[in-house]
Amino acid sequence: MSDQINSTEITTEPSEYVASSDTIEYGFNQESWLEGYDAYYKLYRRKRTIIFVVLFLVLGLLFVQQVVMDPSYGIGWTCLAICLAVAVVYALSPWYERKNVIKALPAIENDRYVMKIYPEKITVRTILPEDDAQYLESDESGALKPYPEIPETVIDLTDKTLRTAETDKMFAVFTKYTQCIIPKADLSDEEMEKLRKCVIRNA
């Protein structure tokens, strides 16, 4: 299998899912997570970015025509500068966001996750490492305050924006506003087949 991303829109067919729920536990892997982030960007945001960059470049060209015809057209120069600046911001934003994601990933490198697969949804619960206690604040008595519980992520398998991806290193399940990235390194062959059958199910 190559690193090419395979993705598909999923439609609900309850008979193909497990009857109650299956549980898969996995950890964090930075390389897999970044592959998943890149897949999410390609599936949901790249097209929009390209459209905005092209749009503002075309607008910029129109103002170039205006200032060539009339170099004293001050508003034209201003609008040209704005169009070029916005195009550059949109073009560079994926790189900038990915850079910030990389900086944030070490904070979750020891977390583990428990996924439950149900007929029409999957849920993912985060398990924080025990050594995270060193970052907790103390209360008045000196006892460490526990972390607030991280809300469980729920991905509706009937969501019309649902997409999946698979590479040599990871599985990913996305909706427009949620991401679930599962490194293959922690999965058994049985668990990978379960994910393909119950969640990924490429056409």
Taking all heavy atoms of Pro106 and all of Glu109, pick out the closest pair and write down the distance. O-CG, 3.2 Å
Do Val64 and Leu80 touch side chain to side chain, with heavy atoms closer than 4.5 Å? yes
Quick one: CG on Leu34 to NZ on Lys169, what's the gap to the nearest 0.5 Å? 11.5 Å
Are Leu59 and Ile82 connected in a single hydrophobic cluster, I mean Ile/Leu/Val/Met/Phe/Trp/Tyr linked by side-chain heavy atoms less than 4.5 Å apart? yes
Transitive ILVMFWY side-chain link Tyr177 to Leu162, under 4.5 Å: no
Over-ring placement of Lys99 relative to Tyr96, 6.0 Å and 45° cut-offs: no
Just wondering, do Asp186 and Arg112 contact through their side chains at under 4.5 Å, heavy atoms? yes
Side-chain contact, heavy-atom cut-off 4.5 Å: Phe171 with Ile181? no
With a 4.5 Å limit on heavy-atom distance, are the side chains of Leu84 and Leu57 in contact? yes
Could you give me the CA-CA distance, side-chain angles and deciding distance for Phe174 and Cys180, then say whether side chain to side chain contact (heavy atoms under 4.5 Å, CB included) is met? CA-CA 6 Å; Phe174 306 122; Cys180 178; over 6 Å; no
Hey, does Tyr113 have a side-chain heavy atom less than 4.5 Å from the side chain of Ile108? yes
What verdict does the salt bridge (Lys or Arg N to Asp or Glu O under 4.0 Å) test give for Glu25 and Lys116, after you've listed the backbone C-alpha separation in whole Å, the side-chain angles of each residue and the deciding distance to 0.1 Å? CA-CA 9 Å; Glu25 184 174 339; Lys116 289 190 175 182; over 6 Å; no
With rounding to the nearest 0.5 Å, note down the distance linking OG in Ser93 to OH in Tyr41. 6.0 Å
Whether Thr161 side chain and Lys176 backbone form a donor-acceptor pair below 3.5 Å: yes
Is Val53 reachable from Leu62 through a run of hydrophobic residues whose side-chain heavy atoms are each under 4.5 Å from the next? yes
Write down the atom of Pro119, the atom of Leu157, and the distance for their closest heavy-atom approach. O-CD1, 4.3 Å
Does Glu31, at its CD atom, have more than 12 non-hydrogen atoms belonging to other residues, nucleotides or ligands within less than 6.0 Å? no
Are any side-chain N or O atoms of Asp22 and backbone N or O atoms of Ile117, one a donor and one an acceptor, separated by less than 3.5 Å? no
Are the side chains of Glu97 and Arg45 in contact, using a 4.5 Å heavy-atom criterion? yes
Please answer: with hydrophobic residues joined when any side-chain heavy atoms are less than 4.5 Å apart, are Val89 and Leu55 in the same cluster? no
How long is the span from the NZ atom in Lys184 to the CG atom in Asp189, to the nearest 0.5 Å? 10.5 Å
The reported gap from CD1 in Ile75 to CG in Asp70 (rounded to nearest 0.5 angstrom) is 11.0 Å
For Ala165 against Ala39, the heavy-atom pair lying closest together: CB-CB, 4.2 Å
With no hydrogens and no angle check, is any side-chain donor or acceptor of Trp33 less than 3.5 Å from a backbone partner on Ile182? no
Taking C-beta and beyond as the side chain, do Ile127 and Val114 meet within less than 4.5 Å on heavy atoms? yes
When you measure from the side chain of Tyr26 to the backbone N and O of Met115, does any donor-acceptor pair fall under 3.5 Å? no
Can a side-chain donor-acceptor contact be found between Thr167 and Glu35 if the only test is distance below 3.5 angstrom? yes
So CD1 of Ile155 and CD1 of Ile122: to nearest 0.5 Å the spacing works out to 4.0 Å
With a 3.5 Å distance limit and no angle check, can you tell me whether Glu191 reaches the backbone of Ser188 through a side-chain donor-acceptor pair? yes
Is the backbone N or O of Phe56 less than 3.5 Å from a side-chain atom of Tyr90, with the two atoms forming a donor-acceptor pair by type? no
Verdict with reasoning, Arg98 to Asp38, per salt bridge (Lys or Arg N to Asp or Glu O under 4.0 Å): CA-CA 8 Å; Arg98 194 177 193 275; Asp38 292 339; 2.9 Å; yes
OH (Tyr37) and CG (Leu105) are apart, to the nearest 0.5 Å, by 10.5 Å
Between Val101 and Leu43, is there shared hydrophobic-cluster membership here, with clusters defined by ILVMFWY side-chain heavy atoms closer than 4.5 Å? yes
